[in-house]
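In what follows, chains are A, B, ... by sequence order, proteins preceding strands, each numbered from 1. Please read all numbers here as calculations on a predicted model, not as lab measurements.
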Number of protein chains: 2
Amino acid sequence: MTTEYIGRGDPARTLALLWRDPSRARERAPRKGRTELTADRVIAAAIEVADAEGLAALSMRKVADHLGAGTMSLYTHVPGKAELIDVMLDTVYKETLTTEETPRGWRARVERIARDNLAMYRRHPWILQVAVSRPPLGPGTLGKYEHELSALDGIGLTDLEMDNVLTLIAAYVHGAARGVVEAERAAAETGMTDQEWWQAHEPFLTAVGDFSAYPLAGRVGSASGEAYNAPTDPTGAFEFGLGRLLDGIAVLIDGR
Amino acid sequence: MTTEYIGRGDPARTLALLWRDPSRARERAPRKGRTELTADRVIAAAIEVADAEGLAALSMRKVADHLGAGTMSLYTHVPGKAELIDVMLDTVYKETLTTEETPRGWRARVERIARDNLAMYRRHPWILQVAVSRPPLGPGTLGKYEHELSALDGIGLTDLEMDNVLTLIAAYVHGAARGVVEAERAAAETGMTDQEWWQAHEPFLTAVGDFSAYPLAGRVGSASGEAYNAPTDPTGAFEFGLGRLLDGIAVLIDGR
DNA sequence: ACAGCGTACCGTACGTTGTACGGATAAGTG
DNA sequence: CACTTATCCGTACAACGTACGGTACGCTGT
């Protein structure tokens, strides 16, 4: 059921929040007997709620409850929900910037990027619902872009090609991750396993009748059904697609 | 700002609606002086609203107003909003099944599928927000699957590979289409052109300061900025990615 | 012609959402 | 000890999906 979201707040307010200076965070002492509310705590709590219950269930009231604060208190630290989501996104991007050693060879590096992104979507599935064009220009977003560009630098691609390759990977991983994540969470959200879902549909479906118009769908559908014991196998599909994708990029790079 | 949606209704009710028999639609005459309300009219109106204003703005009240009916009258013909969205999706899939002649050669056929899907997302951007796993098992969805499988039949792929290739394409096109569509609609939805958006961010951004940590991002970003006079060029990115994707699939097919 | 029934239609109401507004409280400052 | 200012939050409003119950009218049986 689950309504979903696209973050789009006031640019200036969002930027101020994104680049807020943590060094001079507290100039005033917190009120006695209170755990102080800060932008960081609000953002962290919001991410927790979104991780656990999805963007649909992310409400200002729920975040406030999570913090033991009044709903309207959040607005002291965050301009509104749209801006909050923008900042949540940038915060997660920041987290994903691990300092692991980078593999040798562009193919291994690109593969790593793809897998890191998939892992991020798995940890924070709500990110799949947040708009991407005109991203929040925060340290996390810029850092992630820089990091991913570095995987492609110096192997003979033009700047435009580097950008295009990253866009290609981002598009693919986003799409494939949707499949993986939705399959993972489908059972929990609908209260039905894949098996139960099929069992709920099948009797009705066969009752409605004539599927001779869909011979290929029947053949291929039951082939993958038998192989995975589920309507689809998103993780296997991710691996397959990633392989083809890297092959296609290799044609470009190795052709030089 | 815009909340978004994932359709997930009661399976049995959705199926009944999906496979409803149009031949015996009306057994009772419409009430005098009224244009009769039907499931088809509700669905069509809902698609119109979603096309024009986005899934965020799709409300039962608005659909009813569009039809000159009371809000609760919709529930006579449609079980609820979640089911309505499922059926809207299947209806659009049905529309896209054109009977154009299929090109010769798998590459041209797959390219056509990708472009057809992009065109569909452009016409009905809200589809990008609707969940895909456990799709509505209606005539449109099945027909679309069958149609796309037929482009890959008989060229030496296993059934599983055929399914995986389609999943790959669907994932990529979905991701790329998001970029295209969001760029197209960003101006309208935020009331700012790309230029204005940059102008709103730039002064603040340079004021915040030090971007020496992002040398590649700066170089590549301004390279594509100069080339397209915009932060990104999603349509060009779509073309580039599609080319690489087809190259990668060719490695698999031609390698046989 | 008329009674009775079943369906189509819809007004009202409830709980939930984001957030504008104004009031309360307390830390910092003179 | 007054005054300023930032923090915190209670109340209120409009918009949402939809449960519930009522009304009105076409159809069927007599």
Side-chain angles (χ1 to χ4, degrees), chain A residues 1-10 13 16 20 24-42 45-46 49-50 53-86 88, chain B residues 1-10 13 24-42 45-46 49-50 53-86 88:
Chain A
M1 220 105 276
T2 73
T3 69
E4 299 305 342
Y5 226 91
I6 288 186
R8 239 18 340 137
D10 178 40
R13 310 256 266 147
R20 81 207 106 105
R24 50 179 182 76
R26 255 314 103 154
E27 298 184 332
R28 204 181 266 275
R31 270 144 108 137
K32 65 172 182 201
R34 284 186 178 282
T35 22
E36 65 175 346
L37 215 50
T38 60
D40 294 86
R41 289 193 64 219
V42 172
V49 171
E53 308 181 45
L55 208 52
L58 179 71
S59 74
M60 300 302 270
R61 276 170 242 261
K62 206 170 286 184
V63 174
D65 285 357
H66 215 72
L67 291 165
T71 309
M72 292 313 292
S73 307
L74 305 186
Y75 288 86
T76 305
H77 305 278
V78 151
K81 196 182 177 187
E83 292 85 354
L84 173 59
I85 290 177
D86 276 344
M88 287 165 64
Chain B
M1 237 115 304
T2 73
T3 68
E4 298 304 343
Y5 227 94
I6 288 186
R8 240 12 350 132
D10 177 39
R13 310 256 266 148
R24 51 178 179 77
R26 257 309 106 152
E27 299 185 331
R28 201 181 267 276
R31 270 144 107 140
K32 65 172 181 200
R34 284 186 177 280
T35 21
E36 63 174 348
L37 213 52
T38 60
D40 295 87
R41 289 193 64 219
V42 171
V49 171
E53 308 181 46
L55 209 50
L58 179 72
S59 74
M60 299 302 269
R61 279 170 239 262
K62 208 170 285 184
V63 174
D65 284 357
H66 215 70
L67 291 165
T71 308
M72 292 313 291
S73 307
L74 305 185
Y75 288 86
T76 304
H77 305 277
V78 151
K81 195 183 178 187
E83 292 85 353
L84 173 58
I85 290 176
D86 276 345
M88 287 165 64

Determine whether A:Thr76 and A:Leu37 make a side-chain contact, defined as any pair of heavy atoms from C-beta on separated by less than 4.5 Å.
-> no
Is there a side-chain polar atom (N or O) of A:Ser73 under 4.0 Å from OP1 or OP2 of D:dC9?
-> yes
Which comes earlier along DNA chain C counting from the 5' end, the contact point of A:Met72 or that of A:Lys62, where each point is its nearest nucleotide?
-> A:Lys62
For the atom pair CZ (B:Arg41) and NE2 (B:His77), what is the distance rounded to the nearest 0.5 Å?
-> 9.5 Å
Between A:His77 and D:dA6, does any side-chain N or O lie under 4.0 Å from OP1 or OP2?
-> no
Are more than 12 heavy atoms from other residues, nucleotides or ligands located less than 6.0 Å from atom CZ of B:Arg13?
-> no
Quickly, which of B:Val49, B:Thr71, B:Leu67 forms a side-chain contact (heavy atoms from CB on, under 4.5 Å) with B:Lys62? Name it, please.
-> B:Val49
Can you tell me how far P of C:dA8 sits from CG of B:Leu67, to the nearest Å?
-> 16 Å
Just how far, in rounded Å, is C1' of D:dC16 from CE of A:Met60?
-> 18 Å
Specify the separation, in whole Å, of atom CG of A:Asp65 and atom C1' of D:dC9.
-> 13 Å
Check the distance between D:dT7's C1' and A:Tyr75's OH and give it to me in whole angstrom.
-> 16 Å
Closest approach of A:Gly80 to A:Met60 (non-hydrogen atoms, all atoms of both residues) = C-CE, 4.4 Å
Over how many whole Å does the gap from A:Arg41 atom CZ to D:dT7 atom P extend?
-> 15 Å
For B:Lys81 and D:dA19, give me the distance from atom NZ to atom P, rounded to whole Å.
-> 14 Å
Using a 4.0 Å heavy-atom cut-off across all strands, classify A:Leu58 as base, sugar-phosphate, or nothing.
-> sugar-phosphate
Could you check how far CD of A:Glu83 sits from P of C:dT19, rounded to whole Å?
-> 8 Å
How is A:Ala69 classified with respect to the nucleic acid when contacts are heavy atoms under 4.0 Å: base, sugar-phosphate, or nothing?
-> sugar-phosphate
Nearest-angstrom distance from the residue atom CD1 of A:Ile85 to P of C:dT17 = 14 Å
On DNA chain D, check which nucleotide each of A:Arg61 and A:Thr71 is closest to and give me the residue with the more 5' one.
-> A:Thr71
Using a heavy-atom cut-off of under 4.0 Å over every strand shown, decide if A:Ser59 touches base, sugar-phosphate, or nothing.
-> sugar-phosphate
